[in-house]
Student: 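Quick one: structure below, then a few questions.
Being a predicted model, the structure only gives us computed values, none of them experimental.
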Amino acid sequence: MDATRLYEISQKHMWLPFTQMKDYEEAPLIIESGEGIVLRDIYGNEYLDGYSSLWLNVHGHRRPEINQAIKEQLEKIAHSTLLGAANVPSIQLAEKLIEISPDNLTRVFYSDSGAESVEIAIKMAYQYWQNKGKEKKTKFVTLANGYHGDTVGAISVGSIDIYHRVYSALMFDSFAVPFPSASWHPSGDGQTAKEESLAAMQTLFKESHNEIAGLVVESMVQGAGGMHIMPPGYLKELERLCRAFNILLIVDEVATGFGRTGKMFAVEHEDVAPDIMTVAKGITGGYLPIAATLTTEEVYAAFYGDYAEMKTFFHGHSYTGNQLGCAAALANLDIFEKEEVVKQAAEKAEYIAKLLAEIAELPHVGEVRQLGFMCGIEVVKDRTTKEPFPSEERVAYRATLRMRELGMLTRPLGDVIVFMPPLVSSYEQLTRMAGIMKQAMLEIADSPVVAEQ
Ligand SMILES: *Cc1c(COP(=O)(O)O)cnc(C)c1O
C-alpha cells in the first residue's frame with residue numbers, strides 16, 4: 001500500500017491510544033520498519049528511538065537473536081492456552097524470571113500487558129486475605145502521582161489527576177500518601193519530604209492496617225508521573241512498614257524492570273523483597289506483549305487446596321503465556337546474560353548523566369531527573385522560580401515535535417521531556433540524541449506560540 005493511502009486510511013479509521021486525535025491529524029507519523037535503535041517511517045525518514053518505543057525496547061529493533069527465536073517457535077506452535085495447561089517456553093521463562101528476581105519470589109502468573117499484571121496483583125492480594133479469613137483487608141494504599149496502567153483496577157491504584165479524574169465514579173477508593181519529592185515539598189528538601197511521607201504512611205498503617213490488603217508502588221521511579229525518583233532508603237522503609245503491619249508490598253517494575261535503572265530490577269537498589277512484583281515492558285525486549293505477576297510461596301499457598309474450597313484464582317486471559325512472546329523473552333534474557341547488558345547500562349548511565357548535566361544548564365530547564373536509562377527533563381518558563389510555561393503553550397510537546405524533525409522520537413509527560421533510549425544505544429547515539437534534545441529545547445522555548453485558529 002502506498003504512503004498516501006496509508007495516511008488517508010489512518011486518518012479515517014484509526015483511533016490511537018493516549019492520543020488526542022486532533023494532534024495526530026496535525027502531526028501524523030507512520031512507522032514502517034526499524035533496525036537497531038533507528039525507526040523508519042513510510043516516507044523513508046529515520047528517527048532515533050529516544051523513548052524505546054514507549055519504554056519497551058532494550059537491545060534494538062530486529063535483533064537477529066530475538067527474530068530467530070520467534071521464527072523457531074513459530075515452526076512449533078504460535079499459541080496454546082495456559083488455562084489448565086502449560087507450554088514449553090512459558091515454563092522455561094518462569095524458571096528464568098525466578099532466577100533473576102528477588103529470592104523470595106517463586107511463582108509466575110502470566111498476562112499480556114503491564115496494566116493486567118497490576119490488575120492481577122490487586123486481585124491476588126485481595127483474594128489472598130479473603131482466602132486467609134481476613135475479610136476486612138480489602139483496601140489498597142498508593143503513592144500520590146503514581147501510575148500503574150489504564151484498566152479500571154489499575155487506575156484505582158493510580159493517582160495522576162489528569163488521566164484519572166474523569167473516571168472517578170468508576171474507580172474503587174484507595175488511600176494515597178504523598179510521594180517524597182524534594183521538588184514538590186514546600187521546603188524543597190528531600191529529607192523532610194521523605195520523613196513526612198513515611199510518617200503519613202506509618203499513621204495510616206497504624207490506624208487502618210486491619211482494612212489494608214496491600215501497598216502498591218512503582219519501584220524507585222514514578223515514570224508516567226514525570227520521572228520522580230524515591231530518595232535513598234525510602235523504599236526500604238516502606239518494606240519495613242509493610243512487614244510490621246502485615247500489609248502486602250506490591251512493587252510495580254513494569255517500567256523499571258530489565259536493566260532500565262541500571263539494575264536488573266529497581267528493587268535491587270534498596271535490596272527490597274516484595275510480596276508481589278509486576279513486570280512487563282522490557283520483558284520481551286520490546287517485541288511482544290508478555291507480562292507477569294511474580295509472588296511468593298506464601299501468597300501462592302493461600303490459593304492452593306481442593307477445588308470445593310473455592311480458593312482458586314479465577315483470572316486469566318485468552319493469550320496468556322503466548323509461546324511466541326515467551327520465546328522472545330527467553331532470547332531477550334539470553335542477550336542480557338551474554339552481553340552483560342545491565343553492567344553496560346549502568347556504565348552508559350554515567351555518560352548519560354554527563355550529557356544531561358549540560359542540558360540542565362539550558363535557560364528553560366528546571367530540573368533533570370535520572371535513574372539509569374530513565375530520564376526526565378522538566379521544562380520551565382523561569383529556571384529560578386521554577387514557574388511553568390502556561391500549559392496551553394505545550395512547550396514540551398512542541399519540543400518533542402521539533403525533535404522528530406531533527407531525527408529523534410520521544411513523547412513528553414506534561415512539562416517533562418522523557419529520555420528513555422534502548423539500553424543498546426551506543427555512546428555516539430546517546431550524544432546525538434542529547435544534541436537533538438538540546439537544540440529543540442533551545443529553539444522552542446524561545447519561539448512564540450502560534451495561536452490556534
Ligand atoms: C507502562 C506502565 C504500566 C502499564 O503497562 P501497559 O503494558 O502499558 O499496560 C504499568 N505500570 C507502570 C509503572 C508503567 O510504567
Side-chain angles (χ1 to χ4, degrees), residues 55-59 65-66 69-70 73 79 82 85-121 124-125 148-149 218-220 248-269 271-301 303 313 315-317 319-342 345 423:
W55 316 6
L56 304 177
N57 196 274
V58 182
H59 313 296
E65 300 93 315
I66 304 179
I70 296 170
Q73 180 57 46
H79 183 76
L82 224 58
N87 70 51
V88 175
S90 70
I91 295 171
Q92 292 167 323
L93 179 59
E95 183 189 39
K96 232 17 261 162
L97 290 171
I98 293 310
E99 189 186 305
I100 62 174
S101 59
D103 290 343
N104 63 322
L105 301 173
T106 58
R107 293 281 167 178
V108 178
F109 194 102
Y110 287 109
S111 55
D112 321 330
S113 70
E116 284 167 87
S117 72
V118 170
E119 267 326 297
I120 288 163
M124 192 182 270
H148 300 284
E218 283 162 88
S219 193
M220 293 307 291
L248 294 176
L249 175 60
I250 302 165
V251 172
D252 182 347
E253 289 264 4
V254 169
T256 50
F258 304 98
R260 183 51 68 181
T261 69
K263 303 271 186 195
M264 184 53 94
F265 296 106
V267 284
E268 293 169 32
H269 289 285
D271 192 23
V272 159
D275 298 296
I276 300 178
M277 185 168 105
T278 61
V279 294
K281 292 194 168 114
I283 190 172
T284 60
Y287 270 62
L288 286 162
I290 294 283
T293 307
L294 276 54
T295 192
T296 60
E297 214 54 22
E298 158 74 21
V299 169
Y300 174 79
F303 291 77
F313 190 33
H315 187 109
H317 300 278
Y319 281 102
T320 291
N322 175 264
Q323 280 98 322
L324 296 178
C326 290
L330 282 165
N332 172 47
L333 293 176
D334 235 27
I335 301 174
F336 266 99
E337 234 167 74
K338 285 204 183 100
E339 301 188 356
E340 296 189 301
V341 170
V342 176
L423 307 189

Student: With under 30° as parallel and over 60° as perpendicular, where do the rings of H315 and F313 fit, or are they tilted in between?
Tutor: parallel
Student: How far does CD of E95 sit from OG of S90, to the nearest 0.5 angstrom?
Tutor: 12.0 Å
Student: Measure the shortest side-chain to side-chain distance between E218 and T256 over non-hydrogen atoms and say whether it is less than 4.5 angstrom.
Tutor: no
Student: Out of L423, V341, L56, I100, which residue meets the side-chain contact (heavy atoms from CB on, under 4.5 Å) rule with F258?
Tutor: I100
Student: If we count only N and O atoms by modelled type, under 3.5 Å, do the side chains of D275 and T296 hold a donor and an acceptor together?
Tutor: no
Student: With rounding to the nearest 0.5 angstrom, report the CD to CG distance, Q323 to L93.
Tutor: 12.0 Å
Student: Quick one, M124 and V299 - any side-chain contact, counting heavy atoms below 4.5 Å?
Tutor: yes
Student: Identify the two heavy atoms, one from G114 and one from A291, that lie closest to each other, and give their separation to 0.1 Å.
Tutor: N-CB, 4.2 Å
Student: Run the side chain to side chain contact (heavy atoms under 4.5 Å, CB included) test on I290 and C326 for me, step by step, so that the C-alpha distance in whole Å, both residues' side-chain angles and the decisive distance to 0.1 Å come before the verdict.
Tutor: CA-CA 7 Å; I290 294 283; C326 290; 4.0 Å; yes
Student: Specify the closest pair of heavy atoms between G282 and V58, including all atoms of both residues, with the distance to one decimal.
Tutor: O-CG2, 3.8 Å
Student: Just by distance, do the side chain of T293 and the backbone of S117 share a donor-acceptor pair under 3.5 Å?
Tutor: yes
Student: Check the pair I283 / L97 against side chain to side chain contact (heavy atoms under 4.5 Å, CB included), numbers first and verdict last.
Tutor: CA-CA 9 Å; I283 190 172; L97 290 171; 4.1 Å; yes
Student: Of N87, T320, N322, which meets side-chain hydrogen bond (donor to acceptor under 3.5 Å, both in side chains) against H79?
Tutor: N322
Student: To the nearest 0.5 Å, what is the distance between CG (L82) and OH (Y319)?
Tutor: 14.0 Å
Student: Does some side-chain heavy atom of T106 sit less than 4.5 Å from a side-chain heavy atom of Y300?
Tutor: no
Student: Check G149 against A115 and note the closest heavy-atom contact, atom names and distance.
Tutor: CA-CB, 3.9 Å
Student: Under the side chain to side chain contact (heavy atoms under 4.5 Å, CB included) rule, what do F265 and S101 come out as? Steps first, then yes or no, please.
Tutor: CA-CA 7 Å; F265 296 106; S101 59; 4.0 Å; yes
Student: If I compare all heavy atoms of Y287 with all of A328, which pair ends up nearest, and what's the gap?
Tutor: CB-CB, 4.3 Å
Student: Aromatic ring centroids of H59 and F336 under 6.0 Å?
Tutor: yes
Student: To the nearest 0.5 Å, what is the distance between CG on L105 and CE on M277?
Tutor: 6.0 Å
Student: Apply side chain to side chain contact (heavy atoms under 4.5 Å, CB included) to the pair I66 and I335, showing each step before the final yes or no.
Tutor: CA-CA 9 Å; I66 304 179; I335 301 174; 3.9 Å; yes
Student: Is any side-chain heavy atom of R260 less than 4.5 Å from a side-chain heavy atom of W55?
Tutor: no
Student: Are T295 and F109 packed together at the side-chain level, in the sense that at least one heavy-atom pair is separated by less than 4.5 angstrom?
Tutor: no
Student: Restricting to non-hydrogen atoms, name the atom on T278 and the atom on A121 that form the minimum distance, rounded to 0.1 Å.
Tutor: CG2-CB, 3.8 Å
Student: How about E99: does its CD atom have over 12 heavy atoms from other parts shown lying under 6.0 Å from it?
Tutor: yes
Student: Could you grab the distance from atom CD of Q73 to atom CG of L288, nearest 0.5 Å is fine?
Tutor: 11.0 Å
Student: Is a side-chain donor or acceptor of E253 paired with a backbone partner of V267 at a separation under 3.5 angstrom?
Tutor: yes
Student: Between atom OG of S219 and atom NZ of K263, what is the distance when rounded to the nearest 0.5 Å?
Tutor: 12.0 Å
Student: Tell me the closest heavy-atom pair linking P274 and P102, and the distance in Å.
Tutor: CD-CG, 4.0 Å
Student: Which residue pairs satisfy the salt bridge (Lys or Arg N to Asp or Glu O under 4.0 Å) criterion with at least one member in residues 102-121, sequence neighbours excluded?
Tutor: R107-E297
Student: Between Y110 (side chain only) and A94 (backbone N and O only), is there a donor and an acceptor less than 3.5 Å apart?
Tutor: yes
